[in-house]
There are 2 protein chains.
Amino acid sequence: MTERRKAATRLDIARTAAALFVEHGLRSTRAEDIARAAGVAPRTFYRYFATKEEAITPLLAVGARQWVEAVRDAPSALPVPDALRHAAACALTPAPGDTAASESLEWVRSLLRMAADSPALQSVWNDACHDADATLAGVLAARAGLPDEAGSLEIRLTAGVAGAAVRAAVETWAAGDAPATGPQGPAALAQRCLASAEGALRGA
Amino acid sequence: MTERRKAATRLDIARTAAALFVEHGLRSTRAEDIARAAGVAPRTFYRYFATKEEAITPLLAVGARQWVEAVRDAPSALPVPDALRHAAACALTPAPGDTAASESLEWVRSLLRMAADSPALQSVWNDACHDADATLAGVLAARAGLPDEAGSLEIRLTAGVAGAAVRAAVETWAAGDAPATGPQGPAALAQRCLASAEGALRGA
DNA sequence: GCACTTATGGCAGATTCTGCCACATGGGCA
DNA sequence: TGCCCATGTGGCAGAATCTGCCATAAGTGC
């Protein structure tokens, strides 16, 4: 239960940080400001995040998390490429009326745009993508029946390629003005990318 | 000419930093220590690198640079997947007797192992890989005749997939004890990965 | 050799980050 | 319920990181 509390404050801090970054700019927002606005002590902030830029990680990771979990929960009879595509569609398509999901995607867009001229934020996004690749590799390994072999070259390659495909889709969407749903939305783009990459995804 | 000088000191600092990291550990090496050992002022160090971890970037990027340039210099008649494979083979195979290339690879191995238990170093590696993807996308766009469209979804996808393949190969090699040449070397692994991913590389 | 651009060094100071310890909070158990 | 303990939190001191500013030196072109 205490785990749940920690995750909640973690998300609280993340949302607070993102809001401050968007409102006042990344540069003129200090870690102390985020902490105060989030209602925690500076020392506590640094127990959750190593740097102020890292504070937005939970917001960037939520989509990836849903994707990976959807892959885990996909019927094991489904071929890997299909499981990846279906999971991406689920994770990146906000259900009509689900404002939380839509707003989550819009936050990602705002943050990615901000990251365009901030190496530190860009780095956070890179890390988030890499973490997603790593956990996806673990899920694919489990799916393949391998006990703990997320380190296998084939698994790593598949996870990396799938991750690159979804990443390209999300970044392309975020760079434009298309709505989160529809043919230019992240889900649709990811379908196309994963389809293009299908040949490289059969290896797992 | 001043450009060349700057690149030289940049590499100097990088080598100094890597040596200190390996010898005394990342934690107990301060930015000031690196600066002194490299013969520059701390203030100058921070003009080259934003953080002490970032100082190793040039060492991680040299291989990627060679790969991308080999792709650029490949005959334009060569299909993209073949160009990528051939370039990877050239960039990751140290010529017999070329101790510089071999040692460069060994440095990468040491640094990647150190990065295994240092989020900050891992982040630097992620950034290096992403930079490589981005420049590769530019080269592929030029190859395809597109004026400046490194931002096209297809190009980005291809570069991302190719980058993921080579990255998986290099990381797998670095995690093991295989020599830099031979069937378990990075070049050979990259060949296999790029071959597996070939289906996803025809899009450009 | 002379002007000029540009890199470097040094210093002050803001900010970031960490170690340490005391306190509070919340979950488990009698 | 009431106590106990594990654990999260706050506060403070201090180290390390990072930046702005200006003076100086180095090197670049005329």
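Quick note on labels: first sequence line is chain A, next is B, and so on, each numbered from 1.
When all heavy atoms are compared, the tightest approach of Ala197(B) to Val161(B) is CB-CG1, 4.0 Å. The nearest pair of heavy atoms linking Val22(B) to Ser110(B) is CG2-CB, 4.4 Å.
Contact between the side-chain N/O atoms of Tyr46(A) and the OP1/OP2 oxygens of dC17(C) is found at a separation under 4.0 Å. Taking side-chain N and O atoms only, Thr2(A) has no distance below 4.0 Å to OP1 or OP2 of dT7(D).
Among dT16(C), dT28(D), dG10(D), the nucleotide with an atom closest to any side-chain atom of Ala41(A) is dG10(D). When distances are taken from the side chain of Arg30(B) to each of dC21(D), dT17(D), dT16(C), the shortest belongs to dT17(D). Proximity note for Lys6(A) (side chain, C-beta onward) versus dG8(D), dG10(D), dG9(C): the nearest is dG8(D). Comparing dT9(D), dT8(C), dT17(D) by their closest approach to the side chain of Tyr48(B) singles out dT8(C). Side chain of Arg27(B), nearest nucleotide from dG19(C), dT17(D), dT8(C): dG19(C). The nucleotide whose nearest atom lies closest to any side-chain atom of Thr9(A) is, among dT9(D), dG10(D), dA7(C), dT9(D). The side chain of Arg47(A) lies closest to dC20(C), out of dC20(C), dG9(C), dC18(D).
Remark: P of dA15(D) and CG of Asp33(B) are 15 Å apart, rounded to the nearest angstrom. We find that CZ of Arg36(A) is positioned 19 Å from P of dT9(D), with the value rounded to whole Å. Between Glu3(B) atom CD and dT6(C) atom P the separation is 10 Å, expressed in whole Å. One atom, CZ of Arg4(A), and another, P of dG8(D), lie 16 Å apart when rounded to the nearest Å. Rounded to an integer number of Å, the gap from CD of Glu32(B) to P of dT19(D) is 17 Å. Between the P atom of dA7(C) and the CZ atom of Arg10(B) lies a distance of 14 Å, rounded to the nearest Å. Rounded to whole Å, the distance from CZ on Phe45(A) to P on dG8(D) is 18 Å. The separation between Phe49(A) atom CZ and dT9(D) atom P is 12 Å, rounded to whole Å.
Side-chain atoms of Thr135(B) come within 3.5 Å of backbone atoms of Ala132(B) as a donor-acceptor pair (strictly under, hydrogens ignored). The backbone N or O of Ala178(B) lies less than 3.5 Å from a partner atom in the side chain of Trp173(B), making a donor-acceptor pair.
With hydrogens and angles left out, the side chain of Arg43(B) and the base of dG20(D) share a donor-acceptor pair within 3.5 Å.
Between Asp33(A) and Arg27(A), none of the side-chain N atoms (NZ, or NE/NH1/NH2) sits under 4.0 Å from a carboxylate O, so this pair counts as no salt bridge.
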